[in-house]
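Have a look at the structure below, then the notes.
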Number of protein chains: 2
Amino acid sequence: MDETNLDRGNIFACLPADRNTEHFDTLARFGDGRLERIVSFGQCSPEGFWYDQDHSEWVLVLRGHAKLEVEGFPGPIALSSGDYINFTAHTRHRVAWTTPEEPTIWLAIHY
Amino acid sequence: MDETNLDRGNIFACLPADRNTEHFDTLARFGDGRLERIVSFGQCSPEGFWYDQDHSEWVLVLRGHAKLEVEGFPGPIALSSGDYINFTAHTRHRVAWTTPEEPTIWLAIHY
């Protein structure tokens, strides 16, 4: 086995240069699921938009700061480094805010 | 939905007090897979021991420092914050070292 055969990297490396959009990169796929890195530069969900997914999603903030809204949950949920949430399928949620000060880096497991 | 219905936490919180052993906590289960937090306090795999798993594992170091050995791969692989490796099933590997200076916190996806 040489270097090229081992799938490895650093999740904080190769940050996208374009800060005008969120970036979604699939890091691995498994069965019906996938592992994704998301990089936000101050983006949030459009006004009135809610994610309503057929699958579950476990999401972790690695760097940066975000606020999520979850339908029926009182107030936005502030997330910083290490904070995670598990959304079961059809838990309606939206990204209310991400900091414009630095990249917010998320790890999401869609399963 | 109230606070108790939303599965969330911080992956750096509630670190175990017992530094004499590694700690494995399942954070979520999905299909045949699971998501695990591992906390090491200087532990490594026993001499001559190799993981040889029937399933694949994606592993990420969140904090701390570790060195992994992978069969057939030249030299140990040093991992620090943000470094990840994907081990396909039966990729033989072992933990050669983790730092005794601080907890090493891993996120592992067994899939």
Side-chain angles (χ1 to χ4, degrees), chain A residues 1-15 25-37 55-63 68-93 103 105 107-111, chain B residues 1-15 25-37 55-63 68-93 103 105 107-111:
Chain A
M1 181 176 290
D2 63 23
E3 184 103 6
T4 57
N5 287 332
L6 198 57
D7 175 15
R8 63 186 182 119
N10 188 287
I11 204 153
F12 303 122
C14 302
L15 293 186
D25 296 301
T26 297
L27 301 178
R29 293 182 183 277
F30 46 92
D32 293 337
R34 69 192 164 86
L35 177 65
E36 184 177 65
R37 182 182 78 168
H55 63 271
S56 299
E57 180 178 357
W58 187 92
V59 68
L60 167 69
V61 169
L62 294 165
R63 284 191 183 164
L68 295 180
E69 290 175 339
V70 182
E71 195 175 60
F73 191 91
I77 299 169
L79 302 178
S80 294
S81 176
D83 288 326
Y84 64 84
I85 297 187
N86 191 39
F87 292 118
T88 53
H90 298 297
T91 299
R92 283 162 56 92
H93 62 281
I105 303 174
L107 187 70
I109 304 173
H110 301 273
Y111 66 96
Chain B
M1 182 176 292
D2 63 24
E3 181 105 8
T4 57
N5 287 333
L6 198 56
D7 175 15
R8 64 188 182 117
N10 187 288
I11 204 154
F12 302 122
C14 301
L15 293 187
D25 295 302
T26 296
L27 300 177
R29 293 181 183 278
F30 46 89
D32 293 334
R34 67 191 165 84
L35 177 64
E36 183 177 65
R37 181 182 79 168
H55 62 273
S56 299
E57 180 178 359
W58 187 91
V59 67
L60 167 69
V61 169
L62 294 164
R63 284 191 182 164
L68 295 179
E69 290 175 339
V70 181
E71 195 175 60
F73 192 89
I77 299 170
L79 302 177
S80 294
S81 175
D83 288 326
Y84 64 81
I85 297 187
N86 191 40
F87 291 117
T88 53
H90 298 296
T91 300
R92 285 161 56 90
H93 62 281
I105 302 174
L107 187 70
I109 305 172
H110 301 272
Y111 65 96

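Small disclaimer: the values here were computed from a predicted structure and weren't measured. Proteins get letters first, then strands, A, B, ... in listed order; numbering begins at 1 in each. Only heavy atoms go into these numbers, but all of them, side chains included; no hydrogens, no water, no symmetry mates.
The closest side-chain heavy-atom distance from A:T88 to B:D7 is not below 4.5 Å. Side-chain contact check for B:V70 versus B:F87: some heavy-atom pair is nearer than 4.5 Å. Counting heavy atoms from C-beta on, the side chains of B:N86 and B:Y111 come closer than 4.5 Å. Residues A:I77 and B:R8 form a side-chain contact, since some pair of their non-hydrogen atoms from C-beta on lies under 4.5 Å apart. Residues B:L68 and B:F73 have side chains not in contact (no heavy-atom distance under 4.5 Å, counting atoms from C-beta outward).
With a 4.5 angstrom heavy-atom cutoff, A:I109 touches chain B only via side-chain atoms. B:S81 touches chain A through backbone and side chain together, each having a heavy atom under 4.5 Å away. Looking at A:R29, the atoms closer than 4.5 Å to chain B (heavy atoms on both sides) all sit in the backbone: N, CA, C or O. For chain A, the nearby part of B:L107 is the side chain; its heavy atoms alone come within less than 4.5 Å.
Atom CG of residue A:L27 and atom CD of residue A:E36 lie 8.5 Å apart, to the nearest 0.5 angstrom. Atom CG of A:L35 is separated from atom CG of B:L35 by 9.5 Å, given to the nearest 0.5 angstrom.
Formation of a donor-acceptor pair under 3.5 Å by the A:H93 side chain with backbone atoms of A:T91 is found in this model.
Using a 4.5 Å heavy-atom cut-off against chain B, the contacting residues of residues 56-63 of chain A are A:W58, A:L60, A:L62.
If you tally non-hydrogen atom pairs under 4.5 Å between each of B:D83, B:I105, B:I85 and chain A, the highest count goes to B:D83.
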